[in-house]
Amino acid sequence: MITLKQLEALYWIGQLGTFERAASKLNTTQSAVSKRIQELELVTRVPLFDRGQRNARMTEKGEQLLILAEEMLALQQRVVTLSQRDEMPVRQLRLGITELTALTWLPRFITDLRATYPKLAIETEVDMSRNLYDRLQEDKLDVIIIPEAFSDPHVTAVHLARSRNVWMGSPKLVSTRRTLSIEELTEYTILTQGNRSGSGLWVSKWLKSEAAIVRRHISSDSLIALLGMTVAGLGVTYLPLQCFEPLVAEGKLVIIPTDPELPDIPYVAMYRSDRPSAFTTNVAELARTACDFSRQLQS
């Protein structure tokens, strides 16, 4: 196994030019430094010095390892000094979100994250709930924010808020303003999200629970695509009321009251509970504070 003492010996030989000077710097003997280098060569299986020369000269492989040794020793120093300073180290957050969060409170959330972790590097993926959940399980994402449609004993879910969904359609297509039964609603073409959407799963279960018979439907994984098709009058769909109510005020969409009403959809922040971390727990709490579906691109 490569040790820091071995890398340290290589580093100081590279800095000072000789084994003797490196030994003096490390407060040890030249034979001890030589032994560390021999052990390092044994582990790496490459010669680090050309001993055919009068003075030991570092080989090309040795110079390559020297660069890595410098990085390792610099990292060691950062670890040693971590408890001696208040400065936050650079850390990474792999965040997964759905379109609704991206369209509403994501800017506010990012602002809060950067205020709490000034050196935070954020990688964001926008995708369907099922895809994000799978990537969390594969340890390719740290935190995901999705509708509460999946569960696992190894995944922690922190409740954020509920999104109220209503049926909407174009005024060109929907002329009535009275409350419709489910049977009357399904006379229209139903625009839905696929089964990899958390919201889509909620609405699909709701329709089944009401014994609804959907005669015609169009499916799309994109919320924005569904919105565009709805405004164009191709069918009716379920949309988050708070986010898209401005389109109702503009006369581009109308709300279709139904009896019964659509259930609210709970949103959660999820992270793996087998990766205990104060960081991910705090990220989920910041999400709970920032979560607000009331208007588009909220800062």
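Values below: all heavy atoms of this structure, side chains included; hydrogens, waters and symmetry mates excluded. Position 1 is the first residue of the sequence, and the numbers go up from there.
Ion pair R36/E39 not flagged as a salt bridge, since none of the NZ, NE, NH1 or NH2 atoms sits closer than 4.0 Å to an Asp/Glu carboxylate oxygen. The pair D259-R178 does not meet the salt-bridge criterion, since no charged nitrogen lies less than 4.0 angstrom from a carboxylate oxygen. With respect to R94 and D142, a salt bridge is recorded, a charged nitrogen being found less than 4.0 Å from a carboxylate O.
Judged purely by atom type and a 3.5 angstrom limit, R114 has no side-chain atom pairing as donor or acceptor with the backbone of L120. Counting only distance, with no hydrogens or angles, the side chain of S129 and the backbone of I146 share no donor-acceptor pair below 3.5 Å. Not a single donor-acceptor pair under 3.5 Å links the side chain of R21 to the backbone N or O of F19. With hydrogens and angles ignored, the 3.5 Å screen pairs a side-chain donor or acceptor of T289 with a backbone N or O of E285. Here the side chain of R288 pairs no donor or acceptor atom with the backbone of A161 at under 3.5 angstrom.
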Output a table of donor-acceptor pairs, distance under 3.5 Å, between side-chain atoms of residues 190-207 and any protein atom two or more places apart or on a different chain; print 'none' if there are none.
{"from": "Q193", "atom 1": "OE1", "to": "S197", "atom 2": "OG", "distance (Å)": "3.2"}
{"from": "R196", "atom 1": "NE", "to": "N131", "atom 2": "OD1", "distance (Å)": "2.5"}
{"from": "R196", "atom 1": "NH2", "to": "N131", "atom 2": "OD1", "distance (Å)": "2.9"}
{"from": "R196", "atom 1": "NH2", "to": "D134", "atom 2": "OD2", "distance (Å)": "2.9"}
{"from": "S197", "atom 1": "OG", "to": "S199", "atom 2": "N", "distance (Å)": "3.3"}
{"from": "S197", "atom 1": "OG", "to": "G200", "atom 2": "N", "distance (Å)": "2.9"}
{"from": "W202", "atom 1": "NE1", "to": "E148", "atom 2": "O", "distance (Å)": "3.2"}
{"from": "W206", "atom 1": "NE1", "to": "E261", "atom 2": "O", "distance (Å)": "3.4"}

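Ring geometry for Y117 against F279 counts as perpendicular: the plane angle is over 60°, on a 0 to 90° scale with 30° as the lower cut.
Within 6.0 Å of CD in E20 there are 12 or fewer heavy atoms belonging to other residues, nucleotides or ligands. For E60, the CD atom is loosely surrounded, since the number of other residues' heavy atoms within 6.0 Å does not exceed 12.
With respect to Y271, the side-chain contact (heavy atoms from CB on, under 4.5 Å) criterion is satisfied by exactly one of I144, V283, T281: T281.
In this structure, Q6 and L10 have side chains that are not in contact, with every pair of non-hydrogen atoms separated by 4.5 Å or more.
Interatomic distance, CG of N165 versus CD of Q242, reported as 10.0 Å (0.5 Å rounding).
For K252, the salt bridge (Lys or Arg N to Asp or Glu O under 4.0 Å) partners at least two apart in sequence or on another chain are E250.
Sequence neighbours left out, the pairs with a member in residues 139-158 that pass ring-ring contact (aromatic ring centres under 6.0 Å, His included) are Y133-F150.
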